[in-house]
Novice: 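Pasting a structure below so you can have a look.
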Amino acid sequence: MSADPKVLLNDLLKTALKSVAPDQLEITILLERPKQANHGDFATNLALQLAKPLKRNPRELAALLLAELPPSKLIEKAEVAGAGFINFTLAAEAKTAVVGEVLSKGADFGRGDRKNIKVLVEFVSANPTGPLHVGHGRGAAYGASLSDLLAFAGHEVSREYYVNDAGRQMDILALSTWLRYLACFGIEITFPPNAYQGDYVTEMGRDLRDAHQDRFARVTVEQLLAGTPGLPPAERKDDEAKDMREQHLDALIANAKRLLGDEYGWVHGFALNEQLGDGRDDLGEFGVRFDKWFSEQSLFDTGLVERAVAQLERQGHIYVQDGAKWFRSTAFGDEKDRVVQRDNGLYTYFASDIAYHLNKYERGFDRIIDVWGADHHGYIPRVKGAVAALGLAPSKLEVALVQFAVLYRNGQKTSMSTRSGEFVTLRELRKEVGNDACRFFYVLRKSDQHLDFDLDLAKSQSNENPVYYVQYAHARVCSVLNQWGGEVAELLAAELALLNNERELALCARLGSFPELIQNAAADHAPHQIAFYLKDLAAEFHSWYNAERMLVEDEALKLARLALARAVQQVLASGLELLGVSAPQSM
RNA sequence: CUGCCCGUAGCUCAAUUGGAUAGAGCACCGGCCUUCUAAGCCGGGGGUUGCAGGUUCGAUCCCUGCCGGGCAGGCCA
């Protein structure tokens, strides 16, 4: 007989089903935990589901099922209720058994069986062109928790960051850095308004000078500006002026490449490594780690981009128009066809992304999860289309969209543009509200919901942040166990039957649902469910803590209650771990 | 104009994937510290789930049409 009451009930119902409706055995028996206490510990709508195919009254069917249900000592009561639900009330020993299970399994309680499923989770993947901002922070917190959650649920998980080290944005960063560097030597032109403005670029310019002195400074202002169209007046916002600024920037980049020659790679690499290292440190402090940093440039270096496009071409999914190569994504449900290779011969970002996904599939993952900002939603059909066109299974690819986090300061939105230099960085946010509160706050709502991050509130009311509520429950258990001073192993022998009041049984039921929570949250890609579970568990613990004493005279009762407290502590710690939040011993 | 996402208590959000009387936290009101941590507990008010239809035993959830908000619609990434 299984220790899990859910498995037991499922078996019993199946037996009853065999005699009541022998031809309906394929039906999945749904067992849920009712919201209302007077509906028992578990409920099933099996009779309601059977009503239609059997064309019979659901309440009658429920009564029949009950009559055929094999007896069990672990069921105290089973009754028909409402429209035809069957409600089960478990015997006390069936409810409290979970405490022993938690104590014996420890940190493994709730861990799913190994499923032999390889999952790749790619997240953050921000351009390494500046500090991570609060929007990236949300993707980082979500992706990290999702990864840990999937792993805990029994999947084999790889965490990956896609480094966009090959595109124009990186060239702009390299140019921006170089211009700041040159300014250190008095070689100064008007800094382009569409280059990277942030102070970190000025700092990189200085660092580059400190590391290499005047090695990259043998140019004149005239050489820099040669052949550039010049900048329109700052007040002009029209499209033509914008175009001119972009052309000016591209001309400057071209000049930089020509003037620096092979040295350009040094400057480019310097800026890339500075920003990548900064992001890695930032995320590391945030408790977010990756198994692999995947370079976009490597896709070109290994010829995979070419191979991917060639394969599409061979299978007739590519045509040439206006000198460019187009992927016929409309054949796969996209709104319009997309360019993969420009008329100037350069591949688009989309082309390297196709190659990247081909690579992901070739590495043999069973499931591939891309965590993207919600502004990329229009991008999904073309990527899935490309995957299908390559003969790969689009169903293996899932895209989790994370809505932006909008930061409020003094009741007003703050800009998060990297270009403007006015963004609030993830690092600043972490410093202000702390890593724990940050991680918890980020996953406290569904990922597809907008997140209003009120900085003033987070600062001024940080003591009321829900994360402390959960951590406090953990610290309280630690404190009680310390005062008791006994060996935790002793608690395995506790007489759990002594846990019999309403609050204690409610806590047991909550603990018992932890494994289901893990499976559901993992299947839904919804780490926020863990945060809500922890809040509920903490609330029930605090309530119990205030109503009953644990360190009582009666030795047996004391051990039983401490065993329950210890089990709560374990599950709180396991849940917090999944969210990347610390479980403090004292507060 | 077209496509995707979202509309739930004054505010920020949940709701066991279609279940029974829609729940928490802030905020507001009233109680509880000589006893294991008051970053806590107990009690109270607060809702036509944007609007109108449809599907069925049953809808916050699924379908259609409106209303309102966000985001996309580059040979940018």
Side-chain angles (χ1 to χ4, degrees), chain A residues 30-36 38-39 43 45 48 51-52 57-59 81-85 87 125-127 129 164 166-170 246 296 321-326 335-336 338-344 346-353 373-381 401 403-404 406 444-446 448-454 457 461-473 475-484 513 516-517 520-521 523-524 526 528-529 531-533 535-536 538-539 541-552 558 561-562 565 586-587:
Chain A
L30 222 63
L31 278 163
E32 53 184 30
R33 297 173 188 266
K35 296 174 208 165
Q36 281 176 257
N38 62 349
H39 290 155
N45 64 349
L48 290 161
K52 185 169 241 179
N57 180 313
R59 280 193 68 104
F85 293 96
N87 293 342
S125 300
N127 277 342
T129 52
N164 296 120
R168 177 171 180 259
Q169 296 305 320
M170 268 311 303
E246 295 303 318
E296 180 188 4
Q321 186 182 310
D322 302 330
K325 281 186 183 173
W326 297 71
E335 290 175 347
K336 52 173 293 196
R338 311 289 174 175
V339 171
V340 290
Q341 192 175 18
R342 293 192 274 262
D343 57 4
N344 61 10
L346 291 177
Y347 287 104
T348 61
Y349 173 87
F350 181 41
S352 47
D353 228 10
D375 56 332
H376 283 60
H377 65 79
Y379 202 70
I380 297 173
L401 293 179
Q403 293 286 343
F404 278 130
V406 180
L444 199 49
R445 51 218 64 204
K446 271 191 300 205
D448 57 4
Q449 288 277 1
H450 288 97
L451 170 59
D452 292 339
F453 209 126
D454 188 329
L457 195 72
Q461 302 193 349
S462 60
N463 281 359
E464 288 163 13
N465 194 303
V467 69
Y468 295 107
Y469 184 79
V470 177
Q471 289 180 316
Y472 190 50
R476 271 182 153 176
V477 179
C478 293
S479 173
V480 174
L481 289 174
N482 279 337
Q483 288 181 43
W484 169 56
S513 69
E516 294 162 43
L517 167 84
N520 286 338
D524 290 357
H528 77 275
Q529 289 180 11
F532 280 90
Y533 173 89
K535 280 169 67 180
D536 289 341
F541 172 76
H542 285 309
S543 177
W544 177 55
Y545 181 94
N546 275 271
E548 310 285 348
R549 280 187 66 80
M550 286 171 244
L551 301 176
V552 292
K558 178 168 76 181
R561 287 184 173 167
L562 288 172
S586 66
M587 289 175 72

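Naming: A, B, ... by sequence-line order, numbering from 1 per chain. Computed from a prediction, not measured in an experiment: that's the story for all the values here.
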Novice: A/Arg33 side chain: which of B/C75, B/A20, B/U16 is closest?
Specialist: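 So the nucleotide nearest the side chain must be B/U16.
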Novice: Testing the basics here: between A/Asp322 and A/Asp343, what is the closest heavy-atom pair and its distance to 0.1 Å?
Specialist: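 That closest heavy-atom pairing would be O-CB, 3.7 Å.
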Novice: Quick check on B/C67: syn or anti? Syn means the glycosidic torsion is within 90 degrees of zero.
Specialist: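 Anti conformation here, the glycosidic angle of B/C67 being more than 90° from 0.
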Novice: Rounded to whole angstroms, how far apart are CZ on A/Phe532 and P on B/C26?
Specialist: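 To the nearest whole Å, that distance equals 13 Å.
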Novice: OP1 or OP2 of B/G73 versus the side-chain N and O atoms of A/His376: is any pair under 4.0 Å?
Specialist: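 False: A/His376 side-chain N/O out of range (4.0 Å or more) of B/G73 OP1/OP2.
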Novice: Select one nucleotide: of B/U37, B/U21, B/C75, the one nearest the side-chain heavy atoms of A/Asn38.
Specialist: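 Within the option list, the nearest is B/U21.
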Novice: Once you apply a heavy-atom cut-off of 4.0 Å, does A/Trp326 come out as touching a base, just sugar-phosphate, or nothing?
Specialist: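 The answer is base, as A/Trp326 lies within the cut-off (heavy atoms under 4.0 Å) of a base atom.
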Novice: Just to be sure I understand the rule, does A/His450 reach a base, reach only the sugar-phosphate, or reach nothing, if contact means heavy atoms closer than 4.0 Å?
Specialist: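 Sugar-phosphate contact only - A/His450 comes under 4.0 Å of backbone atoms but never of a base.
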Novice: Quick one: is A/Lys535 getting a side-chain N or O under 4.0 Å of the B/G23 phosphate, OP1 or OP2?
Specialist: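 Negative; the distance criterion is not met.
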Novice: Could you check whether A/Ser586 gets within reach of a base, just the sugar-phosphate, or nothing at all, counting any heavy atom under 4.0 Å?
Specialist: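 Here A/Ser586 touches the bases of the nucleic acid.
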Novice: Report which part of the nucleic acid A/Glu548 touches: base, sugar-phosphate, or nothing (heavy-atom distance under 4.0 Å, all strands).
Specialist: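 Since a base atom lies under 4.0 Å of A/Glu548, the category is base.
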Novice: Tell me: CG of A/Leu517 to C1' of B/A15, nearest whole Å?
Specialist: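 It is 14 Å, rounded to the nearest whole Å.
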Novice: What is the distance from atom CG of A/Leu444 to atom CG of A/Asn465, rounded to the nearest 0.5 Å?
Specialist: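 Answer for the CG-CG pair, A/Leu444 versus A/Asn465, is 8.0 Å.
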Novice: B/G3 and B/A39: how far apart are their C1' atoms, nearest whole angstrom?
Specialist: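 To the nearest whole Å, 47 Å.
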Novice: Of the candidate nucleotides B/C36, B/A20, B/C41, which contains the atom at the shortest distance from the side chain of A/Val480?
Specialist: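 My answer, after comparing the listed nucleotides, is B/C36.
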Novice: Sort out the partner of B/C36 for me: Watson-Crick or G-U wobble, both distances under 3.5 Å, none otherwise.
Specialist: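 Here B/C36 is not engaged in any pair, so there is no nucleotide opposite it.
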Novice: Taking for each residue the nucleotide of RNA chain B with the nearest heavy atom, is it A/Arg476 or A/Leu444 whose nucleotide lies nearer the 5' end?
Specialist: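 The residue closer to the strand's 5' end, by nearest nucleotide, is A/Leu444.
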Novice: With the side chain of A/Lys35 defined as its heavy atoms from C-beta on, choose the nearest nucleotide among B/U16, B/G40, B/C36.
Specialist: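 Among B/U16, B/G40, B/C36, the one nearest the side chain of A/Lys35 is B/U16.
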Novice: Rounded to the Å, how far apart are A/Phe350 CZ and B/A77 P?
Specialist: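 It works out to 12 Å between those atoms.
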Novice: Take the protein atom CZ of A/Arg445 and the nucleotide atom C1' of B/A14, then report the distance between them rounded to whole Å.
Specialist: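 Rounding to the nearest Å, CZ of A/Arg445 and C1' of B/A14 are 11 Å apart.
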Novice: Rounded to whole angstroms, how far apart are CD on A/Gln403 and P on B/C13?
Specialist: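 Checked: the CD to P distance equals 11 Å.
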Novice: From the options B/C41, B/C75, B/A77, select the nucleotide whose nearest atom is closest to the side chain of A/Val339.
Specialist: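 Selected nucleotide (nearest to the side chain): B/C75.
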Novice: What are the two closest non-hydrogen atoms of A/Ala565 and A/Met550, and how far apart are they?
Specialist: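 That closest heavy-atom pairing would be CB-SD, 3.6 Å.
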Novice: Between CH2 of A/Trp484 and NZ of A/Lys558, what distance do you get to the nearest 0.5 Å?
Specialist: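 A/Trp484 CH2 to A/Lys558 NZ: 8.0 Å, rounded to 0.5 Å.
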Novice: Is A/Asp375 touching bases, backbone alone, or none of the nucleic acid, heavy atoms closer than 4.0 Å?
Specialist: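 Sugar-phosphate, backbone atoms only, no base.
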Novice: Measuring from atom CZ of A/Arg549 to atom CZ of A/Arg561, what distance do you get when rounded to the nearest 0.5 angstrom?
Specialist: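 A/Arg549 atom CZ to A/Arg561 atom CZ measures 10.0 Å (nearest 0.5 Å).
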Novice: In whole angstrom, give me the gap between the P atoms of B/G23 and B/U60.
Specialist: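 The same atom, P, in both gives a distance of 13 Å.
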Novice: When you compare B/A15 with B/A22, how far apart are their C1' atoms, in angstrom units rounded to a whole number?
Specialist: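 Roughly 7 Å separates the two C1' atoms.
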Novice: B/G74, OP1 or OP2 - any side-chain N/O from A/Lys336 closer than 4.0 Å?
Specialist: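 Yes, because at least one side-chain N or O of A/Lys336 sits under 4.0 Å from OP1 or OP2 of B/G74.
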Novice: Where each residue is assigned the nucleotide of RNA chain B containing its nearest heavy atom, which of A/Ala475 and A/Leu451 is assigned the position nearer the 5′ end?
Specialist: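 Its nucleotide being nearer the 5' end, the pick is A/Leu451.
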Novice: Using the C1' atoms only, state how far B/A59 lies from B/U21, rounded to an integer number of Å.
Specialist: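 Between the two C1' atoms, the distance is 16 Å.
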Novice: Any chance you could measure A/Arg476, atom CZ, to A/Asn546, atom CG, to the nearest 0.5 Å?
Specialist: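 Between A/Arg476 CZ and A/Asn546 CG, I get 5.5 Å after rounding to 0.5 Å.
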Novice: Tell me if the side-chain of A/His377 makes a donor-acceptor pair with the base of B/C5, cut-off 3.5 Å, by modelled atom types.
Specialist: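 Checked by distance alone, the answer is no.
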Novice: Within the 4.0 Å heavy-atom criterion, would you say A/His39 contacts the bases, only the backbone, or no part of the nucleic acid?
Specialist: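 Touches a base.
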Novice: Is there a side-chain polar atom (N or O) of A/Arg342 under 4.0 Å from OP1 or OP2 of B/C76?
Specialist: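 It does, given that an N or O in the side chain of A/Arg342 lies less than 4.0 Å from OP1 or OP2 of B/C76.
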Novice: Looking just at side-chain N and O atoms, do A/Glu296 and A/Ser352 make a donor-acceptor pair shorter than 3.5 Å?
Specialist: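 There is such a pair (donor and acceptor under 3.5 Å, judged by atom type) between the side chains of A/Glu296 and A/Ser352.
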Novice: Rounded to the nearest Å, what distance is computed from the CZ atom of residue A/Arg168 to the P atom of nucleotide B/C76?
Specialist: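 Taking CZ of A/Arg168 and P of B/C76, I get 8 Å after rounding.
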Novice: For a quick check of understanding: with a heavy-atom distance under 4.0 Å over all strands, which category does A/Asn45 fall into, base, sugar-phosphate or nothing?
Specialist: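 Base, at least one base heavy atom under 4.0 Å.
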Novice: In Å and rounded to the nearest 0.5 Å, what is the OG to CD distance from A/Ser543 to A/Glu548?
Specialist: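 Rounded to the nearest 0.5 Å, the OG-CD separation comes out at 9.5 Å.
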Novice: Out of B/G40, B/A39, B/A77, which has the shortest distance to the side chain of A/Asn546?
Specialist: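 Closest of the options to the side chain of A/Asn546: B/G40.
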Novice: So what does A/Asn87 touch, heavy atoms closer than 4.0 Å: a base, only the sugar-phosphate, or nothing?
Specialist: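 Here A/Asn87 touches the bases of the nucleic acid.
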Novice: Indicate whether OP1 or OP2 belonging to B/C76 is found under 4.0 Å from a side-chain N or O atom of A/Thr348.
Specialist: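 Answer is no, no contact under 4.0 Å.
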Novice: Is there a donor and acceptor pair closer than 3.5 Å between the side chain of A/Asp536 and the base of B/A14?
Specialist: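 Answer is no: no donor-acceptor pair is held.
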Novice: Nearest to the side chain of A/Asp448, which nucleotide is it out of B/A14, B/C6, B/G70?
Specialist: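 Between B/A14, B/C6, B/G70, the one nearest the side chain of A/Asp448 would be B/C6.
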Novice: Can you label the angle between the A/Tyr379 ring and the A/Phe350 ring as parallel, tilted or perpendicular, going by 30° and 60°?
Specialist: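 The arrangement is perpendicular - the two ring planes meet at more than 60°.
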Novice: Looking at B/A39, I'd like to know if its phosphate oxygens (OP1 or OP2) sit under 4.0 Å from a side-chain N or O belonging to A/Tyr468.
Specialist: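 No, because none of the side-chain N or O atoms of A/Tyr468 sits under 4.0 Å from OP1 or OP2 of B/A39.
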Novice: Give, for atom CZ of A/Arg168 and atom OH of A/Tyr349, the distance between the pair rounded to the nearest 0.5 Å.
Specialist: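 With rounding to 0.5 Å, CZ (A/Arg168) is 16.0 Å from OH (A/Tyr349).
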Novice: Round to the nearest Å and state the distance from A/Leu31 atom CG to B/G18 atom P.
Specialist: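 That distance rounds to 17 Å.
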Novice: When we call it a touch if two heavy atoms are under 4.0 Å apart, what does A/Ala43 touch: a base, just sugar-phosphate, or nothing?
Specialist: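 Touches a base.
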Novice: Of the nucleotides B/A15, B/G40, B/C75, which has the atom closest to the A/His528 side chain?
Specialist: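 Looking only at side-chain atoms, A/His528 lies closest to B/A15.
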Novice: Strictly below 4.0 Å: does A/Tyr545 bring a side-chain N or O up to OP1 or OP2 of B/A39?
Specialist: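 Result: no.
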Novice: Report which part of the nucleic acid A/Ser479 touches: base, sugar-phosphate, or nothing (heavy-atom distance under 4.0 Å, all strands).
Specialist: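 Touches a base.
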Novice: Atom OH of A/Tyr379 to atom P of B/C71: distance rounded to whole Å?
Specialist: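 Rounding to the nearest Å, OH of A/Tyr379 and P of B/C71 are 21 Å apart.
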Novice: Within the pair A/Gln449 and B/U12, is there a side-chain N or O less than 4.0 Å away from OP1 or OP2?
Specialist: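 No, A/Gln449 has no side-chain N/O under 4.0 Å of OP1/OP2 on B/U12.
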Novice: Would you please confirm or rule out a distance under 4.0 Å between OP1 or OP2 of B/C13 and any side-chain N or O of A/Lys446?
Specialist: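 A/Lys446 to B/C13 OP1/OP2: no side-chain N or O under 4.0 Å.
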Novice: For A/Gln36, report the nucleic acid contact type (base, sugar-phosphate, nothing); a contact means any heavy atom under 4.0 Å.
Specialist: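 Touches a base.
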Novice: A/Leu48 side chain: which of B/U16, B/U21, B/C57 is closest?
Specialist: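 Selected nucleotide (nearest to the side chain): B/C57.
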Novice: For B/U48 versus B/C41, give the span between their P atoms, rounded off to a whole number of Å.
Specialist: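 The same atom, P, in both gives a distance of 29 Å.
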Novice: When the P atoms of B/G58 and B/G54 are compared, how many Å lie between them, rounded to an integer?
Specialist: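 Those two atoms are separated by 12 Å.
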Novice: With rounding to the closest Å, how many angstrom separate the C1' atoms on B/G10 and B/C76?
Specialist: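 43 Å, rounded to whole Å.
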Novice: Using atom C1' in both nucleotides, what's the gap between B/C33 and B/U37 to the nearest angstrom?
Specialist: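 Here B/C33 and B/U37 have their C1' atoms 11 Å from each other.
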